[in-house]
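The structure appears below as structure tokens.
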Amino acid sequence: MRRSPNRNFTAFMAGRYGADALGRFLSVCGCVCILLSIAVRGKNAFFSAVFSAAALALLIWCYVRIFSRKIAVRSEENRKYLSHRNRFLGSFRLLKSCFRQRKDYAFFRCPSCKEVVRVPRGKGKIRITCPRCGYAFEKKT
């Protein structure tokens with residue numbers, strides 16, 4: 001009796017880390033480097049070679065992580081990546097949220113701790129107390 005190819009791969013991947021967010025990021029960066037290498041191939045051979053080498057390195061790193069048996073180490077790498085990504089994207093999420101609510105609320109930064117404070121629009125000059133540090137300041141809404 002022959003095993004199906006799907007079962008063989010499942011058995012091979014047992015105990016290995018697999019794909020995660022960092023792996024997807026590395027593979028996308030590798031694909032972008034391949035596209036850049038193709039785009040500059042006729043214009044500059046040096047940059048084409050650099051992008052090709054970078055793509056190869058990124059894709060090898062991606063597959064080494066996928067097939068790795070060091071699950072704790074790979075999961076810690078992914079956790080660090082997600083922490084950096086969320087810190088970077090958090091400011092864009094805040095801007096998007098502020099933009100959606102701009103008709104109903106005014107947004108101010110606390111002068112003390114730089115926390116963004118949301119207050120209702122159209123209330124005139126009000127005293128705002130920061131929920132994070134307790135610093136009170138006055139602003140016109």
Side-chain angles (χ1 to χ4, degrees), residues 2-141:
R2 242 178 115 192
R3 294 174 83 180
S4 72
N6 210 10
R7 261 183 140 170
N8 290 339
F9 184 71
T10 304
F12 173 73
M13 286 302 289
R16 297 184 190 269
Y17 186 65
D20 61 0
L22 178 56
R24 285 189 296 275
F25 176 73
L26 292 174
S27 64
V28 167
C29 286
C31 292
V32 167
C33 284
I34 289 171
L35 293 175
L36 288 173
S37 170
I38 292 169
V40 299
R41 181 166 290 152
K43 297 166 187 71
N44 194 331
F46 173 75
F47 285 118
S48 178
V50 168
F51 285 129
S52 294
L56 184 63
L58 287 169
L59 293 174
I60 287 173
W61 186 19
C62 174
Y63 282 103
V64 164
R65 292 187 79 258
I66 287 173
F67 296 127
S68 174
R69 291 187 182 264
K70 297 178 182 177
I71 294 174
V73 174
R74 302 297 161 239
S75 132
E76 180 64 20
E77 288 173 353
N78 189 51
R79 187 194 63 75
K80 286 181 182 176
Y81 163 73
L82 290 174
S83 170
H84 290 298
R85 185 184 77 175
N86 289 338
R87 193 175 325 141
F88 176 74
L89 294 178
S91 59
F92 293 109
R93 285 189 205 113
L94 179 64
L95 285 173
K96 184 178 176 182
S97 176
C98 290
F99 186 75
R100 280 187 188 154
Q101 301 174 18
R102 71 186 184 282
K103 292 181 181 176
D104 300 323
Y105 297 97
F107 295 89
F108 300 105
R109 285 213 178 263
C110 172
S112 175
C113 67
K114 308 299 184 217
E115 177 76 12
V116 176
V117 182
R118 182 182 80 164
V119 294
R121 211 175 254 295
K123 300 292 182 185
K125 191 172 185 179
I126 60 172
R127 186 173 188 84
I128 303 167
T129 304
C130 176
R132 184 175 175 190
C133 67
Y135 183 80
F137 57 99
E138 289 188 7
K139 290 284 184 176
K140 183 180 175 187
T141 62

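Just so you know, residue 1 is the first one in the sequence shown, and it goes up from there.
- Going from atom CG of L26 over to atom CH2 of W61 covers 5.0 Å, rounded to the nearest 0.5 Å.
- Side-chain atoms of C110 and C133, non-hydrogen and from C-beta on, do get closer than 4.5 Å to each other.
- Each of R85, K80, R65, R74 was compared with D20 under the salt bridge (charged side-chain N to carboxylate O under 4.0 Å, His left out) criterion, and only R65 meets it.
- Atom OH of Y81 has more than 12 neighbouring heavy atoms from other residues, nucleotides or ligands inside a 6.0 Å radius.
- In terms of heavy atoms, P111 sits closest to K114 at O-NZ, 3.4 Å.
- Side-chain atoms of R100 do not come within 3.5 Å of backbone N or O of S97 as any donor-acceptor pair.
- To the nearest 0.5 angstrom, I126 atom CD1 is 7.0 Å from F108 atom CZ.
- The closest donor-acceptor contact from the side chain of R121 to the backbone of R102 lies under 3.5 Å.
- Closest approach of S75 and Y17 over heavy atoms only: CA-OH, 3.5 Å.
- Shown here for V117 and P131, the closest heavy-atom pair between the two residues is CG2-CD, 4.2 Å.
- The CZ atom of R93 sits 9.0 Å away from the OG atom of S91 when rounded to the nearest 0.5 Å.
- In plain terms, the two heavy atoms of I34 and A55 that are nearest each other are CG1-CB, 3.5 Å.
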- Query: Between C130 and C113, is a side chain to side chain contact (heavy atoms under 4.5 Å, CB included) present by the stated rule, with each step listed?
  - Reply: CA-CA 9 Å; C130 176; C113 67; 3.6 Å; yes
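- Summarising the geometry of G30 relative to L58, their closest heavy-atom pair is N-CD1, 3.8 Å, with the distance given to 0.1 Å.
- Rounded to the nearest 0.5 Å, atoms CZ (R118) and CD1 (I128) are 12.5 Å apart.
- Heavy-atom contacts from other residues, nucleotides or ligands closer than 6.0 Å to OH of Y105 number 12 or fewer.
- Between the S52 side chain and the S48 main chain, a donor and an acceptor come within less than 3.5 Å of each other.
- Here the shortest heavy-atom pairing between A21 and L82 reads CB-CD2, 3.7 Å.
- Here the SG-CG distance, from C29 to L59, works out to 10.0 Å after rounding to the nearest 0.5 Å.
- Between Y63 and F67, the angle of the ring planes stays under 30°, which puts this pair in the parallel group of the 30/60° scheme.
- If you take CZ on R16 and CD1 on I71, they are separated by 10.0 Å, rounding to the nearest 0.5 Å.
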